[in-house]
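Position 1 is the first residue of the sequence; numbering continues from there. Values below: every heavy atom of this structure, side chains too, minus hydrogens, waters and symmetry copies.
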Amino acid sequence: ERQVLEATLFGRFEFLMKKYIYQIAKGLQHLHKHRICHQRIRMENVLVVNKDEDIVLSDAYFKRSLHFNYLSDAVYWPPEMFHPQAKYNFSTDMYMVGIVLVELLLGERVKAKTRGPLSLQPKLLEKYYKKMQLQSPKRFIRIVDHLITEKPDQRWSSSQLVEHLEQEVLEEQDKYRGGVSM
């Protein structure tokens with residue numbers, strides 16, 4: 001978690017952001033294609049696995065129904081999950097990717113600053129948007145907009161996110177080789 005957050009603060013910021021989000025989306029695309037929701041997309045479950053800083057998702061829940069087992073997970077859940085008849089689906093995974101992207105853009109954990117779900121705290125979310133406007137490339141803010149929109153049917157799917165980033169990541173990956181220690 002620390003390595004991922006620190007890596008995005010170095011000179012390769014834009015490439016690493018694209019690469020991390022692209023690889024998360026590729027992992028979700030594979031799961032979603034097989035009708036599986038991850039259900040626990042958070043910084044703790046994004047692992048750097050080699051010197052090229054490739055990442056994988058860990059800790060997938062292979063269930064199709066939601067159980068509120070951990071209150072700490074509530075920070076990442078979208079607004080629709082707090083409806084009495086909420087159902088976890090693929091767009092919920094994508095909302096959580098949006099929150100991870102916010103954390104990567106800010107270089108800090110959203111979880112540490114909130115009490116309860118970020119999705120139900122518009123003033124706090126607005127504060128994060130202002131901070132992102134000052135220090136983050138606009139292209140990533142637009143991706144966040146597509147992922148954490150309030151209406152689930154308007155969120156990008158994992159396939160749409162992959163399509164959006166794939167060409168750039170594949171073209172640039174040979175230019176930025178090596179790990180954080182380089």
**Q.** By ring pair (Phe, Tyr, Trp, His ring centres under 6.0 Å) - contacts of Phe90 (at least two apart)
**A.**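 Phe90: ring pair (Phe, Tyr, Trp, His ring centres under 6.0 Å) contacts with His32.
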Spacing of [atom1] belonging to [X] relative to [atom2] belonging to [Y], to within rounding of 0.5 Å:
{"X": "Leu28", "Y": "Ile41", "atom1": "CG", "atom2": "CD1", "value": "4.0 Å"}
{"X": "Glu166", "Y": "Ser159", "atom1": "CD", "atom2": "OG", "value": "10.0 Å"}
{"X": "Ile24", "Y": "Met96", "atom1": "CD1", "atom2": "CE", "value": "11.5 Å"}
{"X": "Met81", "Y": "Tyr95", "atom1": "CE", "atom2": "OH", "value": "12.0 Å"}
{"X": "Leu104", "Y": "Ile99", "atom1": "CG", "atom2": "CD1", "value": "11.5 Å"}
{"X": "Arg142", "Y": "Ser136", "atom1": "CZ", "atom2": "OG", "value": "12.5 Å"}

(Q) Using the rule given for side chain to side chain donor-acceptor pair (under 3.5 Å), can you reason through Asp54 versus Tyr20, listing the C-alpha separation, both sets of side-chain angles and the distance that settles it, and then say yes or no? (A) CA-CA 8 Å; Asp54 292 324; Tyr20 290 163; over 6 Å; no
Q: Could you tell me whether Lys18 and Glu171 make a salt bridge, using a distance below 4.0 angstrom between a side-chain N and a carboxylate O?
A: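 Here Lys18 does not pair with Glu171 in a salt bridge, since their nearest N and O are not under 4.0 Å apart.
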(Q) I'd like to know if Glu44 and Arg109 make a salt bridge, using a cut-off of under 4.0 Å between side-chain N and carboxylate O. (A) yes
Q | Partner set under side-chain contact (heavy atoms from CB on, under 4.5 Å) for Pro152, not counting sequence neighbours | A |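 side-chain contact (heavy atoms from CB on, under 4.5 Å) check on Pro152 returns Glu80, Ser91, Arg155.
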Q. Who pairs with Lys127 by side-chain contact (heavy atoms from CB on, under 4.5 Å), at least two apart in sequence or on another chain?
A.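 Per chain and number, Lys127 pairs via side-chain contact (heavy atoms from CB on, under 4.5 Å) with Leu124.
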(Q) For a side-chain contact (heavy atoms from CB on, under 4.5 Å) check, start with the C-alpha distance between Asn89 and Thr92, then their side-chain angles and the critical distance, and finish with the verdict. (A) CA-CA 5 Å; Asn89 58 35; Thr92 310; 3.1 Å; yes
Q) Side-chain contact, heavy-atom cut-off 4.5 Å: Asn45 with Leu57? A) no
Q. Can you check whether Ile141 reaches Tyr129 side chain to side chain, under 4.5 Å on heavy atoms?
A. yes
Q) Quick check: does any side chain N or O of His38 sit under 3.5 Å from a backbone N or O of Arg40, one acting as donor and the other as acceptor? A)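 It does hold such a pair.
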Over all heavy atoms of both residues, which pair between [X] and [Y] is shortest? Give the atoms and the distance, please.
{"X": "Phe15", "Y": "Glu172", "value": "CD1-OE1, 3.5 Å"}
{"X": "Glu103", "Y": "Val110", "value": "OE2-N, 3.0 Å"}
{"X": "Met43", "Y": "Val100", "value": "SD-CG1, 3.7 Å"}

Q) Would Leu101 and Ile148 count as a side-chain contact (heavy atoms from CB on, under 4.5 Å) if you check the C-alpha gap in whole Å, the side-chain angles of each, and the deciding distance to 0.1 Å? A) CA-CA 10 Å; Leu101 180 54; Ile148 65 171; over 6 Å; no
Q.
The test is side-chain contact (heavy atoms from CB on, under 4.5 Å); show your working for Tyr22 and Leu161 and say whether it passes.
A. CA-CA 7 Å; Tyr22 170 74; Leu161 185 54; over 6 Å; no
**Q.** With sequence neighbours excluded, residues passing side-chain hydrogen bond (donor to acceptor under 3.5 Å, both in side chains) with Lys26
**A.**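 For Lys26 there are no side-chain hydrogen bond (donor to acceptor under 3.5 Å, both in side chains) partners, ignoring immediate neighbours.
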Q | Tyr128: side-chain hydrogen bond (donor to acceptor under 3.5 Å, both in side chains) partners, not counting sequence neighbours | A | none
Q: Could you check Glu126 against Lys131 for salt bridge (Lys or Arg N to Asp or Glu O under 4.0 Å), going step by step and ending with a plain yes or no?
A: CA-CA 9 Å; Glu126 185 178 316; Lys131 209 170 176 183; over 6 Å; no
Q) When you check the side-chain N and O atoms of Asp93 and Gln39, is any donor under 3.5 Å from an acceptor? A) no
Q. So does Gln154 have more than 12 non-hydrogen atoms from other groups sitting under 6.0 Å from CD?
A.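 Counting neighbours around CD of Gln154, more than 12 heavy atoms of other residues, nucleotides or ligands fall under 6.0 Å, so yes.
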Q) Counting only heavy atoms not in Glu150, do more than 12 fall under 6.0 Å of its CD? A)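 Open: at most 12 neighbouring heavy atoms sit under 6.0 Å from CD of Glu150.
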Q: Sorted by first residue and then second, give each ring-ring contact (aromatic ring centres under 6.0 Å, His included) pair with at least one member in residues 145-172; sequence neighbours left out.
A: His146-Trp156, Trp156-His164
